[in-house]
**Student:** 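Sharing a structure below in structure tokens format, with a few things to ask.
If you're wondering where the values come from, they're calculated on a predicted model, not measured in any experiment. We name chains A, B, ... by the order of the sequence lines, and we start the count at 1 in each one.
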There are 2 protein chains.
Amino acid sequence: MKARAHSDSAGRQALSVLTDRLRHGARKITGPRKAILEVLRSHSHPLTNKQVLAAMPTGQCDLATIYRAMHLLEKLGMVKRYDFADGKARFELVPQEGDSHHHHLVCMRCAHVVEIEECFSGAIERRIASRNGFKEVTHKLEFFGICPACQ
Amino acid sequence: MKARAHSDSAGRQALSVLTDRLRHGARKITGPRKAILEVLRSHSHPLTNKQVLAAMPTGQCDLATIYRAMHLLEKLGMVKRYDFADGKARFELVPQEGDSHHHHLVCMRCAHVVEIEECFSGAIERRIASRNGFKEVTHKLEFFGICPACQ
DNA sequence: ATCGCTGCAAAAATTTTGCAGGTAA
DNA sequence: TTACCTGCAAAATTTTTGCAGCGAT
């Protein structure tokens, strides 16, 4: 298996890589931002901004700062936004370049999330783009159902 | 081509069919509800509740009523909720049974929406369901890009 | 020394809820 | 009649913004 440069043993991106990406975007590396990245890094599921705050040791930063940071990280392409049909935005770290993106299977009762490895062909994406004259086409695909525990 | 029972020439569901579905759910057919269904019926794109209100002739009903009606219609499976990553819920009439569902291609700049006919195989959906022990699995797939006018 | 970032607080926007009266069935 | 619905108003959430001071570079 090929070694994963810049990733730890669990396949997560090292914090230094993340801060480098931030710095490269001409942004400052601050305590709150590092804390936010740490939280995102240690969770493999999309989190709401409130959950990010709650996951920090004792009010390490303000909720408004998290909102601002998420906007920034989203613009820099470091974070992806998800909507699970409950009116709350959730964010998750974008895998490093070359890594395939993944999708989610969400329980409609308890909101439990399972990650789905497979992603259907990019060919469909390209065909849709050219057929409609769109550029930079991406997609979001989420599955919803009832999980074993809730059945 | 096979005739479309219960649909008008544009392929939209007749209002009477919609109200029948409501009635069948042991609900009352009221002025506001008919107005809401009329608006949904005459738009082929998902609308926010505010847009639904604005599309009515002169404040025909209260915004709160629209929120309540959407919850109801969603529960009855007559309406589907969409999240286009801007924090506002949008709703669209669900096609009649047997009709294939469709997806959307949304411009990230101007929010212009194009309907996408094709839907990738339900086989993937079934495989994901059985592999994870989930029941009643559905999916939501949206494409995002930059439309011709915004490029 | 900048210029950006943060915390705090207030505001804005979206969505939910309580209640008294009205209306479909 | 009776249970459900509606409008109005207030409240609860989520998200955005202004501003003075702090801090990374």
**Student:** Reading DNA chain C from 5' onward, which residue's closest nucleotide shows up sooner: B:R23 or A:G31?
**Tutor:** A:G31
**Student:** Using atom CZ of B:R27 as one end and atom C1' of D:dC5 as the other, report the distance to the nearest whole Å.
**Tutor:** 11 Å
**Student:** Give a yes/no on whether any side-chain N or O of A:Y67 is located under 4.0 angstrom from OP1 or OP2 of D:dT16.
**Tutor:** no
**Student:** What orientation do B:F84 and B:Y82 show, parallel under 30°, tilted 30 to 60°, or perpendicular over 60°?
**Tutor:** tilted
**Student:** Within less than 4.0 Å of OP1 or OP2 of D:dC4, is there a side-chain N or O belonging to B:K28?
**Tutor:** no
**Student:** Whole angstroms only, please: what is the NZ-P distance between A:K34 and C:dT6?
**Tutor:** 12 Å
**Student:** Among D:dT17, D:dC5, D:dT6, which nucleotide sits nearest the side chain of B:P32?
**Tutor:** D:dT6
**Student:** Which whole-number value in Å describes the distance from A:H24 NE2 to D:dT25 C1'?
**Tutor:** 16 Å
**Student:** Angle class for the A:H103/A:H139 ring planes (parallel below 30°, perpendicular above 60°, tilted otherwise)?
**Tutor:** tilted
**Student:** Mind calculating the distance between CG (A:L73) and P (C:dC5) to the nearest angstrom?
**Tutor:** 11 Å
**Student:** Could you check how far CZ of A:F91 sits from C1' of D:dT14, rounded to whole Å?
**Tutor:** 11 Å
**Student:** Measure from the side chain of B:L63, starting at C-beta and using heavy atoms only, and say which of C:dT14, C:dT15, C:dC5 lies closest.
**Tutor:** C:dT15
**Student:** Quick check: are there more than 12 heavy atoms from other residues, nucleotides or ligands sitting under 6.0 Å from NZ of B:K34?
**Tutor:** no
**Student:** Report the C-alpha distance between A:F91 and A:N49 in whole Å, list the side-chain angles of each, state the deciding distance to 0.1 Å, and finish with yes or no for side-chain contact (heavy atoms from CB on, under 4.5 Å).
**Tutor:** CA-CA 8 Å; A:F91 299 90; A:N49 286 338; 3.6 Å; yes
**Student:** Say whether B:H102 and B:E92, considering side chains only, have a donor N or O and an acceptor N or O under 3.5 Å apart.
**Tutor:** yes
**Student:** Distance check: side-chain N/O of B:H71 vs OP1/OP2 of C:dT16, anything under 4.0 Å?
**Tutor:** yes
**Student:** Would the base of C:dG7 count as contacting A:R68 through its side chain, where contact means a donor and an acceptor less than 3.5 Å apart?
**Tutor:** yes
**Student:** Choose from C:dC8, D:dT15, C:dT14 the nucleotide whose nearest atom is closest to any side-chain atom of A:D62.
**Tutor:** C:dC8
**Student:** Base, sugar-phosphate alone, or nothing: which one does A:A69 contact when heavy atoms must sit under 4.0 Å apart?
**Tutor:** nothing
**Student:** Determine: side-chain N/O of B:R33 to OP1/OP2 of D:dC5, distance under 4.0 Å, yes or no.
**Tutor:** yes
**Student:** Measure the distance from CD1 on A:I66 to P on D:dT14 and round it to the nearest whole Å.
**Tutor:** 13 Å
**Student:** Could you state the CG-P distance from A:L22 to C:dC5, rounded to the nearest angstrom?
**Tutor:** 9 Å
**Student:** Nearest nucleotide by nearest heavy atom, which residue falls closer to the 5' end of DNA chain D, B:G87 or B:T30?
**Tutor:** B:T30
**Student:** Can you measure B:L47 atom CG to C:dT14 atom C1' for me and round it to whole angstrom units?
**Tutor:** 16 Å
